[in-house]
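Note sheet for the following structure.
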Amino acid sequence: MTDEDQVVKEITPMEKDFSQWYIDTILKTELADYTTVRGCIVFRPYGYALWENMQSLLDKRFKETGHKNAYFPLFIPESLLNKEVEHVEGFAPEVAWVTHGGDEELAERLAVRPTSETIICSMYSKWVKSWRDLPILINQWANVVRWEKSTRPFLRTSEFLWQEGHTAHSTEKEAEQETLRMLDVYRDFVESELALPVIAGRKTENEKFAGALRTYCIEALMKDGKALQAGTSHNLGQHFAEVFDIQYLDKDGQLKYVWQTSWGVSTRLIGAVIMTHGDNKGLKLPPRVAPIQAVIIPIPGKESAVVYDRAKKLKETLKGAYRVELDMNDEKTPGWKFSEYEMKGVPLRIEIGPRDVKKNQVVLVRRDNGEKTSVSQDELYETVGKLLEDIQKNMYNQAKSFTEENTHTVHNFDEFKDVLEDKKGFVKANWCGSTECELAIKEKTMATIRCIPFEDSEPDGNCICCGKKATKKVVFARAY
RNA sequence: CGGGGCGUAGCGCAGUUGGUAGCGCGCGUGGUUUGGGACCAUGAGGCCGUGGGUUCAAGUCCCGCCGCCCCGACCA
């Protein structure tokens, strides 16, 4: 049997139409479904379980870095939202408004939060009085609404789930450290749990968060060669503190404004996992977050009772340590199940049939590389652990190689255009630092500056756009 | 908001010059099967997106509306 024959028929091959592959994969694997509400999806149990796993791993990291969870209102009075000028201007076009309560028109419109800086700052101004009240380290798990013109499941939906951290500090230095620390938490999380290699760096003035002093981000490369912003962390400076009047009395008796940060990742990460690891059979989920890490598929044969019995015992052995499922459905053939769980991206398949029962073994098949091995049932517990770890590593390495192979350095505009057309991916190029050049390049090529990377951003030539002396070497890409 | 596409059974689709709706998958029931998406038998399931028009007759032709998807412009 060739690879071609194995391809799941219901999923459009990614070479043919990547976008359709993405949609087909999501729908067929039951991660999500479209609803009657424009731009809004349902997170079906399998997709929600994936998000819950991401949540708990992230939440653990937030707690470890001293943050506490809280929950702020969904509604933001218009007057609050309007306080920070740059912020409103950034979000105004995509805010959903509540104008009525029942039949009665509200005295003041309420925005459905597109992000919570304003409502949170309004509370911080109440809570912060003294240097002793700082820092405030709060995180919120929430849904937000942005009235997007065009939507795609997970990547851009009218309503999405995310977390937003909001902190307040007494010094600029501390705020900057927090901003960078949380970016690094994100980097570590996506690399070690989601197996997504990323480029970390700073956003340009043009690309930064509305109202921020500086924005940092991690950028990942998808299999179609487009970049995806996987997480952002903002140093808000004192912009919000000034308009929301968040002041504290310092040790020296002076009234001072706090320095703030905010940072977030969203369910978009699910999209990143799909588009980084998936193939024409469907999903490939990293073991650390896969809702099902291993599936046991019994092959009943003539002595089905014995096989089923042994399969149940195997599940008992594994279930304390791994997210394992036993598929006892008698209506589907084993072959059907093989394809189904491969499509669903389950990292490891455990087959047990009459032959295995006789030999006291099981057959293990890896989703990441298709490798098939037999192992004694006595060693199953340890072997599963080792394999899951190995799959996780291998998935990261594969994605890493892909990203490296699709990262190109160019030194003039023609080369830049050629690479974008032929090879796509990340393109490193010298840039003079002007917004004019950044926009001109975007106009001509649809590529944006994804970030000014922390590593390897020393210029080694002239700006590919205007030809003047470059100040930075930055990462360009066409992005989602 | 521009360009394109699509609305017919749960899903995917077919439906000829207009003549009163069909296929595949899925679903129910009974049985045989089960090591890479099994098979036989037998069932259930439709206001053909919506409003108007043409016609003896509209899924089909004409006009409007609504919705959804894709690709762009703008954004996690």
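Letters go in sequence order (proteins before strands), and every chain restarts at 1.
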Side-chain N,O ([X]) to OP1/OP2 ([N]) below 4.0 Å:
X       : N      : answer
K442(A) : C74(B) : yes
T333(A) : A38(B) : yes
Y22(A)  : C71(B) : no

Margin query: I want to confirm an ordering. Mapping Y308(A) and P153(A) to their closest nucleotides on RNA chain B, which one lands closer to the 5' end?
Written below: Y308(A)
Note to self: Return whichever of S19(A) or R349(A) has its heavy-atom-nearest nucleotide of RNA chain B closer to the 5' end.
What the structure shows: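 Between the two, 5'-proximity favours R349(A).
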Under a 3.5 Å cut-off for both contacts, is [N] paired Watson-Crick or G-U wobble with anything, and if yes, with which nucleotide?
N      : result
U42(B) : G28(B)
G2(B)  : C71(B)
G7(B)  : C66(B)
C13(B) : G22(B)
U60(B) : none

Looking across every strand, which nucleic acid part, if any, lies under 4.0 Å from [X] by heavy atom: base, sugar-phosphate, or nothing?
X       : value
G353(A) : base
E340(A) : base
R152(A) : sugar-phosphate

Check: S339(A) has a side chain; which of G36(B), A76(B), G72(B) sits nearest to it?
Finding: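 The nucleotide sitting nearest to the side chain is G36(B).
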Item checked: Test: K208(A) and E205(A) ion pair at under 4.0 Å -> yes
Say you pick atom [atom1] in [N] and the same atom in [M]; how far apart are they, in whole Å?
N      : M      : atom1 : answer
U20(B) : C47(B) : C1'   : 14 Å
C23(B) : U8(B)  : C1'   : 12 Å
C39(B) : A58(B) : P     : 41 Å
U55(B) : G49(B) : C1'   : 23 Å

Margin query: Please check if the number of heavy atoms outside K428(A) that lie under 6.0 Å from its NZ is greater than 12.
Written below: yes
Next item on the list: Assess whether atom CH2 of W147(A) is packed by more than 12 heavy atoms of other residues, nucleotides or ligands within 6.0 Å.
Entry: no
Next item on the list: Would you verify whether the NZ or CZ of K83(A) falls within 45 degrees of the ring axis of F244(A) while also being under 6.0 Å from that six-membered ring's centre?
Entry: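 Yes, K83(A) and F244(A) form such a contact.
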Item checked: Stacked cation flag K444(A) on F413(A), 6.0 angstrom / 45 deg ->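 Geometry flag: set, cation within 6.0 Å and 45°.
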Note to self: Apply the syn/anti split at 90° from 0 to C65(B) and say which one it is.
What the structure shows: anti
Next item on the list: Output yes if the stacking criterion (under 5.5 Å between centres, under 30° between planes) is met for W336(A) over the base of G36(B), else no.
Entry: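 Not stacked by the 5.5 Å and 30° rule.
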